[in-house]
Amino acid sequence: MDHRIDRRSLLRLAGVGTLGLTFPSLLSACGAGPSGGGVSNAGKDLAPWPTHVPLPGPSPDAPGDDSGVQPLFLHYPDRVVQSVHDPVGDGSDVTVMVVSYGAPPKPVEDNRYWQAINAALGVNLKVTVVPDPEYGQKMATLMASTGDLPDMIMFTNLALPHAAEFVQARCADSSEFVGGDAVKAFPNLANLPTYAWKGMGRIGGKLHGIPLERPMPANSLFVNRTAMDAAGIPKDWTTEQYLDAMKELTADRKWGVGWFKTLFGGLGGITYHAGSLGAPNTWSVDGDEFTSTLTTPRSSRLWRSCAHWSKRARTTPTASPPAPPTCRATSTTAPSPP
């Protein structure tokens, strides 16, 4: 079966668009927030979505569009543009809690990048970096506490009980600062596309956070084409050829597909492969009827394929020369990413 797609046709896999995606966000200025009124948006006075004002930056090699295709740069731009010229901070501390999907950064005293960010922003960032496998417990403990909260908290796609109620009760309402044209005072926030704000959503009609922009199709796999070319793996593959290719690249403590405890251990892992089997991206919509991808026939096929892949992945690779280095499979977080 041929599953070749280009970056624009990939958007068709997004199904109902932002309704089917989960966008991590930063909840800013956490402290004493409003309470009461319920977290539903029904019947509420809705804060307007922030106005989208693209930055006049370097020209991309392939432009994006309003459907959610992001601008594409094949090389780091020769000309960069400074978006904000006035001082941002006043030298005070800013506390942040974020998740990490890799090794923790060096402490600020040994980290020139961190120091450069502090200098550019005029703040003293105090960042608590929590490994992904521990983030759920850390968030649960934080939400249950009655003490001071960090100035900013990164909310991932974890299904945390009463998360919306926590945000409404303990985190600041930022609607007056970023809603509608008010966001124009912050050029970098105004540069975020509307679909990212909608993906984060409102709580009780209000905007409580800043979205971390993700591509509309959500999770993707990145490949090391150099390693695959060296192993003779074709650019266009069927599902079985993909499995054979990953097995070919697995040897001597190098693996064809990078792994992280929560990255492939649940529904998030399914989204990486569901589209290639024709399943909708989390949800599909037909008129007024929404259907979860987990209830579709293609989902059943996906579960069988995942079980088959897992069984074959546990098979000890046959003796072979050392495989070339491979890229880990990651989400499109900047990243996120993340």
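- A distance-only check finds a donor-acceptor pair linking the side chain of N191 to the backbone of L55 [under 3.5 Å].
- A pairwise comparison of heavy atoms in I203 and A164 identifies CG2-O, 3.8 Å as the closest pair.
- Here F186 contributes atom CZ and I210 contributes atom CD1; the two are 8.5 Å apart, rounded to the nearest 0.5 Å.
- Remark: V129 engages V98, S100, P105, V127 in a side chain to side chain contact (heavy atoms under 4.5 Å, CB included) (not counting sequence neighbours).
- Take S292 and apply the side chain to side chain donor-acceptor pair (under 3.5 Å) test, not counting sequence neighbours, and it matches no residue.
- Side-chain atoms of E248 do not come within 3.5 Å of backbone N or O of A231 as any donor-acceptor pair.
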Under the side-chain contact (heavy atoms from CB on, under 4.5 Å) rule, what do M97 and V130 come out as? Steps first, then yes or no, please.
CA-CA 7 Å; M97 190 178 86; V130 183; 4.1 Å; yes

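- Using modelled atom types, one side-chain atom of S175 and one backbone atom of L207 make a donor-acceptor pair closer than 3.5 Å.
- In terms of modelled atom types and a separation under 3.5 Å, the side chain of N124 and the main chain of S92 share no donor-acceptor contact.
- Applying the side chain to side chain donor-acceptor pair (under 3.5 Å) test to T141 and every residue at least two apart in sequence or in another chain returns Q137.
- Between P50 and T194, the closest side-chain pair of non-hydrogen atoms is not below 4.5 Å.
- Formation of a donor-acceptor pair under 3.5 Å by the N224 side chain with backbone atoms of A227 is found in this model.
- Nearest heavy atoms, P150 versus L142: CD-CD1, 4.0 Å.
- By the 6.0 Å contact criterion, CG on D110 is enclosed, its count of non-hydrogen atoms from other residues, nucleotides or ligands being greater than 12.
- Interatomic distance, M152 CE to T95 OG1, rounded to the nearest 0.5 Å: 8.0 Å.
- At a threshold of 4.5 Å between non-hydrogen side-chain atoms, the residues H162 and F166 do not count as touching.
- Judged as a salt bridge (Lys or Arg N to Asp or Glu O under 4.0 Å), and not counting sequence neighbours, the contacts of K184 are D181.
- Qualifying side chain to side chain donor-acceptor pair (under 3.5 Å) partners for E109, counting only residues two or more places apart in sequence or in other chains: none.
- Panel note: side chain N111, backbone K106; a donor-acceptor pair is recorded below 3.5 Å.
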Full working for side-chain contact (heavy atoms from CB on, under 4.5 Å) between W197 and V178
CA-CA 10 Å; W197 295 94; V178 298; 4.2 Å; yes

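- Connection of L160 to I153 is established within a shared hydrophobic cluster, with ILVMFWY side chains joined at heavy-atom distances below 4.5 Å, either directly or through further cluster members.
- For N188, the side chain to side chain donor-acceptor pair (under 3.5 Å) partners are S83, not counting sequence neighbours.
- By the rule that hydrophobic residues join a cluster once side-chain heavy atoms approach within less than 4.5 Å of another member, V53 and Y195 end up as members of separate clusters.
- Judged purely by atom type and a 3.5 angstrom limit, H208 has no side-chain atom pairing as donor or acceptor with the backbone of Q168.
- Put simply, the side chain of S174 never gets that close to the backbone of G209: no donor and acceptor are under 3.5 Å apart.
- A 6.0 Å sphere centred on NE2 of H75 holds no more than 12 heavy atoms belonging to other residues, nucleotides or ligands.
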From CA spacing to verdict: side-chain contact (heavy atoms from CB on, under 4.5 Å), D229, R225:
CA-CA 6 Å; D229 288 343; R225 193 64 250 172; 3.0 Å; yes

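- The minimum heavy-atom distance linking A182 with E176 is given by the pair CB-O, 3.4 Å.
- Applying the side chain to side chain contact (heavy atoms under 4.5 Å, CB included) criterion to P48, with sequence neighbours excluded, gives no partner residue.
- For the salt bridge (Lys or Arg N to Asp or Glu O under 4.0 Å) test, residues two or more places apart in sequence or in another chain that qualify with K126 are D93.
- The neighbour count for E289 CD, taken as heavy atoms of other residues, nucleotides or ligands under 6.0 Å away, does not exceed 12.
- Between E213 and Q70 the shortest side-chain heavy-atom distance falls below 4.5 Å.
- V80 belongs to a hydrophobic cluster whose other members, connected by ILVMFWY side-chain contacts under 4.5 Å either directly or through intermediates, are Y76.
- Scanning both residues, A163 and F155, for their nearest heavy atoms gives CB-CE2, 4.0 Å.
- The CE atom of M154 sits 10.5 Å away from atom CE of M139, with the distance rounded to the nearest 0.5 Å.
- Hydrophobic clustering of Ile, Leu, Val, Met, Phe, Trp and Tyr side chains at less than 4.5 Å, counting indirect connections, unites V96 with Y113.
- Within the structure, the salt bridge (charged side-chain N to carboxylate O under 4.0 Å, His left out) test picks out no pair touching residues 112-122 (sequence neighbours left out).
- The CG atom of D236 sits 9.0 Å away from atom CD of Q241, with the distance rounded to the nearest 0.5 Å.
- Listed by chain and residue number, P280, T291, T293, R298, S299 satisfy the side chain to side chain contact (heavy atoms under 4.5 Å, CB included) test with T296 (two or more places apart in sequence, or in another chain).
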Candidate pair V88 and V123, rule side-chain contact (heavy atoms from CB on, under 4.5 Å), full reasoning
CA-CA 8 Å; V88 176; V123 300; 5.6 Å; no

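- Relative to the six-membered ring of W49, R202 meets both conditions, a distance below 6.0 Å and an angle of at most 45° to the axis.
- Residues Y101 and T156 share a closest heavy-atom pair of OH-CG2, 4.1 Å.
- Under the rule for a salt bridge (Lys or Arg N to Asp or Glu O under 4.0 Å), D61 has no partner lying at least two apart in sequence or in another chain.
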